[in-house]
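One structure is given here, and the rest of the page talks about it.
We use all heavy atoms of the structure for the numbers below, so side chains are in, but hydrogens, waters and symmetry mates are not.
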Amino acid sequence: MDLELSEEQVAVRRLAKEFVDREIVPHAAEWDRVESVDRSVVRSLGDLGFLGLTIPEEYGGCGGDHLAYCLVTEELGRGDSAVRGILSVSLGLVAKSIAAWGSEEQKNHWLPRLCSGEAIGCFGLTEPGTGSDAAHLATRARRDGDDWVIDGTKMFITNGTWADVVLLFARTGPEPGHQGVTAFLVPTDTPGLTRREIHGKLGLRGQATAELVLDGVRVPDGCRIAPEGKGFSVAMSALAKGRMSVAAGCVGIAQAALDAAVAYAGEREQFGKTIAHHQLVQELISDIAVDVDAARLLTWRVADHIDRGLPFATESSVAKLYASEAAVRAANNALQVFGGYGYIDEYPVGKLLRDARVMTLYEGTSQIHKLLVGRSLTGVSAF
Ligand code: FAD
């Protein structure tokens, strides 16, 4: 793998870095406090081309590569994971699924809107009774003439109350497990679809996370994406790439932790010298730095594999598993460098730790990724 970034990749990273330092970092603590990111950020992400970064130009995207996508995602994660998540879901899980699986009509209808930020997407897989074991979801869609009628509940849906469209997974066949699952693009203003925002999250407080209830939601067959019974493949292919985006966001958290820890260690004095002079503080900092480098290289490897058309699912699990655990460790180590000041919200490291914590839970918990990596190495499913 060539670790030298191209001119375009350097330029897009600079653009993202300047945007994050100017428009995100100064507001992140306040958005966390009031539990809402300023919604105008979505349009800004669209105007910069970030929401359509890897979508073909003919559908309003930029046609960029996945390494560029990682660079932008990392910068957003450095600034505010709540903002990073908006992009990771709307572009990474929804728009990319439409580009990969959608009909020409679906692509022409949704992609330009999602790329510009005029519309936001959300991904409706998890349910109250099925999280890790998503293949056994209970939401049902039954055929009624040319329409489908959908009933069920989706839980923990990122962008849920903001979204204009939900990429929704429902059971359409009698087959157990993944075989009977079909995917739909359901406009969120469809009658029978109600949304409730979930408050009181430990982190990602600025992000709209919601429960979606579908009660007799009627959509035409034109809302079905991919053939009947292929919905689980849509979900899994979205998540395999989506995990790279989570991993890149985690690199951003770890980098923010490193930047904050180094700066503070150079200012804070104890025992007559800055704490940067104490070897055990240097150990905390170097542990963070190693985690940043390792997580970044694992994440870039996934991007490189995707861009070169190589298999990437296991690499994506490895990167997501490592980077999410690394982000938690890095934020915790940075908090230790800050001492008691790390524990109050005047400083940014407490928020980094709260935001990092969910990364080991969503898009596959750490345990689930260990099982995925274990299965790919041994050929034995231990689920
Ligand atoms: P469970 O599956 O009940 O797991 C509980 C524990 O059991 C975990 O430790 C898990 O690792 C362990 N476990 C389960 N099965 C096994 C096994 N076979 N072997 C070993 N250990 C096991 N979902 C969406 O569809 N769309 C979204 O946009 C979305 N956004 C989210 C945003 C937030 C803030 C959160 C918190 C969640 C979000 N999720 C979303 C849901 C998320 O993906 C699930 O929470 C996750 O998959 C875990 O499911 P669960 O919470 O039901 O936990």
query: Minimum heavy-atom separation for Arg243 to Ser316, with atom names?
result: CB-OG, 3.5 Å
- prompt: Parallel, tilted or perpendicular: which fits the ring planes of Phe50 and Phe19, with parallel below 30° and perpendicular above 60°?
  reply: perpendicular
- prompt: For Glu4, does the CD atom have more than 12 heavy-atom neighbours from other residues, nucleotides or ligands under 6.0 Å away?
  reply: no
statement: For Ile198 and Phe156 the tightest heavy-atom approach is CD1-N, 3.8 Å
message: Check this for me, if you would: do Asp80 and Lys351 make a salt bridge, where the nitrogen-to-carboxylate-oxygen distance has to be below 4.0 angstrom?
response: yes
- prompt: Hey, are Asp147 and Arg142 close enough for a salt bridge, meaning a charged N less than 4.0 Å from a carboxylate O?
  reply: no
query: Within the side chain of Thr182, is there an N or O that forms a donor-acceptor pair under 3.5 Å with the backbone of Gly229?
result: yes
- request: Using the ring of Tyr322 (Phe, Tyr or Trp, six-membered ring only), decide whether Arg329 places NZ or CZ under 6.0 Å from its centre and within 45 degrees of its axis.
  value: yes
message: Using modelled atom types and a 3.5 Å cut-off, is there a donor and acceptor pairing between side-chain atoms of Lys320 and backbone atoms of Ala248?
response: no
query: Side chains of Glu325 and Ser366: is there a donor and an acceptor less than 3.5 Å apart?
result: yes
query: Is it true that atom CG of Asp221 has more than 12 heavy atoms of other residues, nucleotides or ligands lying nearer than 6.0 Å?
result: yes
message: Distance alone, cut at 3.5 Å: any donor-acceptor contact between the side chains of Asn333 and Glu283?
response: no
- request: Treat each ILVMFWY residue as a node, draw an edge where side-chain heavy atoms are under 4.5 Å apart, and state whether Ile306 and Leu5 are in one component.
  value: no
Asp146 atom CG, neighbour heavy-atom count above 12 within 6.0 Å: no
- prompt: If you measure from CH2 on Trp148 to CZ on Arg140, what distance do you get to the nearest 0.5 Å?
  reply: 10.5 Å
Candidate pair Asp65 and Thr54, rule side chain to side chain contact (heavy atoms under 4.5 Å, CB included), full reasoning: CA-CA 6 Å; Asp65 58 39; Thr54 56; over 6 Å; no
- prompt: Any side-chain heavy atom of Val246 sitting closer than 4.5 Å to one from Arg84?
  reply: yes
- prompt: Are the charged groups of Arg301 and Glu315 less than 4.0 angstrom apart, N to O?
  reply: no
message: Working to the nearest 0.5 angstrom, can you tell me the gap between Gln207 CD and Glu35 CD?
response: 12.0 Å
query: Looking only at heavy atoms, what is the nearest atom pair of Val349 and Ala334, with distance?
result: CG1-CB, 3.7 Å
query: How far does CG of Asp164 sit from CG of Asp189, to the nearest 0.5 angstrom?
result: 8.0 Å
field: Intermediate values then yes/no, side chain to side chain contact (heavy atoms under 4.5 Å, CB included), Ile253 and Ser81
entry: CA-CA 8 Å; Ile253 293 176; Ser81 294; 3.3 Å; yes
query: Do the side chains of Leu214 and Asp151 get nearer than 4.5 Å, heavy atoms only?
result: no
query: Heavy-atom distance under 4.5 Å between the side chains of Val41 and Glu23, does that happen here?
result: no
- line: In Thr126, Leu137, Thr139, the residue satisfying side chain to side chain contact (heavy atoms under 4.5 Å, CB included) with Phe169 is Leu137
query: Between the side chain of His369 and the main-chain N/O of Glu363, is any donor-acceptor distance below 3.5 Å?
result: yes
task: Report yes if the side chains of Met244 and Tyr69 come closer than 4.5 Å at any heavy-atom pair, otherwise no.
output: yes
query: Judged by atom type as modelled, is there a donor-acceptor pair below 3.5 Å linking the side chain of Gln106 to the main-chain atoms of Ser103?
result: yes
- prompt: Is the count of non-hydrogen atoms from other residues, nucleotides or ligands lying under 6.0 Å from Lys230 atom NZ greater than 12?
  reply: no
- request: Measure the shortest side-chain to side-chain distance between Tyr59 and Ile98 over non-hydrogen atoms and say whether it is less than 4.5 angstrom.
  value: no
task: Supply the atom-to-atom distance Leu45 CG to Leu51 CG, rounded to the nearest 0.5 angstrom.
output: 5.0 Å
query: Do you see a donor-acceptor pair shorter than 3.5 Å between the side chains of Gln336 and Asn332?
result: no
query: In Å, rounded to the nearest 0.5 Å, how long is the span from CZ of Arg39 to CD1 of Ile86?
result: 9.0 Å
field: Same cluster (ILVMFWY, side-chain, under 4.5 Å), Val337 and Tyr341
entry: yes
query: Cut-off 3.5 Å, side chains only: do Thr360 and Ser324 have a donor facing an acceptor?
result: no
message: Please check: side-chain N/O of Thr188 versus main-chain N/O of Ala163, any donor-acceptor pairing under 3.5 Å?
response: yes
Common cluster, Ile55/Ile120, ILVMFWY with side-chain heavy-atom separation under 4.5 Å: yes
Arg205/Asp355 ion pair, N-O < 4.0 Å: no
- prompt: Can you name the closest pair of heavy atoms from Leu71 and Gln9 and give their distance?
  reply: CD1-O, 3.6 Å
Beyond-backbone contact of Asn108 with Glu104, side-chain heavy atoms, under 4.5 angstrom: yes
Enclosure of Phe271 CZ (heavy-atom neighbours >12, cutoff 6.0 Å): no
message: Strictly distance-based, threshold 3.5 Å: is any side-chain N or O of Asn159 a donor or acceptor partner for the main-chain N or O of Gly121?
response: yes
message: Looking at every heavy atom in both Thr158 and Gly85, which two are closest together, and how far apart are they?
response: CG2-O, 4.2 Å
message: Is there a side chain to side chain contact (heavy atoms under 4.5 Å, CB included) between Leu93 and Leu167? Walk through the geometry before answering.
response: CA-CA 9 Å; Leu93 297 181; Leu167 175 55; 5.9 Å; no
Ion pair Arg296/Glu74, N-O distance below 4.0 Å: yes
message: Tell me whether Glu75 contacts the main-chain N or O of Gly249 through its side chain, where contact means a donor paired with an acceptor under 3.5 Å.
response: no
Residue pair Trp101 / Ala226: nearest heavy atoms and the distance that separates them: CE3-CB, 3.5 Å
query: Among side-chain atoms of Asp38 and Trp31, is any donor-acceptor pair under 3.5 angstrom?
result: no
message: The test is side chain to side chain contact (heavy atoms under 4.5 Å, CB included); show your working for Leu185 and His109 and say whether it passes.
response: CA-CA 11 Å; Leu185 289 168; His109 180 75; over 6 Å; no
- prompt: Below 4.0 angstrom, N of the basic side chain to O of the carboxylate: do Asp144 and Arg218 qualify?
  reply: yes
- prompt: Do Thr161 and Glu197 have side-chain atoms, one donor and one acceptor, less than 3.5 Å apart?
  reply: yes
- request: Say whether, by atom type as modelled, one donor and one acceptor occur between the side chain of Thr299 and the main chain of Ala319 under 3.5 angstrom.
  value: no
Asp21/Lys17 ion pair, N-O < 4.0 Å: yes
task: Output the distance between atom CG (Leu91) and atom OG (Ser245), rounded to the nearest 0.5 Å.
output: 7.5 Å
- request: Would you check if Ile275 and Glu269 make a side-chain contact, meaning some heavy-atom pair closer than 4.5 Å?
  value: no
query: Can you tell if the side chain of Leu87 reaches within under 4.5 Å of the side chain of Thr73, non-hydrogen atoms only?
result: yes
message: Using modelled atom types and a 3.5 Å cut-off, is there a donor and acceptor pairing between side-chain atoms of Arg375 and backbone atoms of Val380?
response: no
message: Please check: side-chain N/O of Arg171 versus main-chain N/O of Ala135, any donor-acceptor pairing under 3.5 Å?
response: yes
query: Is the shortest side-chain N to carboxylate O distance from Asp304 to Arg308 below 4.0 Å?
result: yes
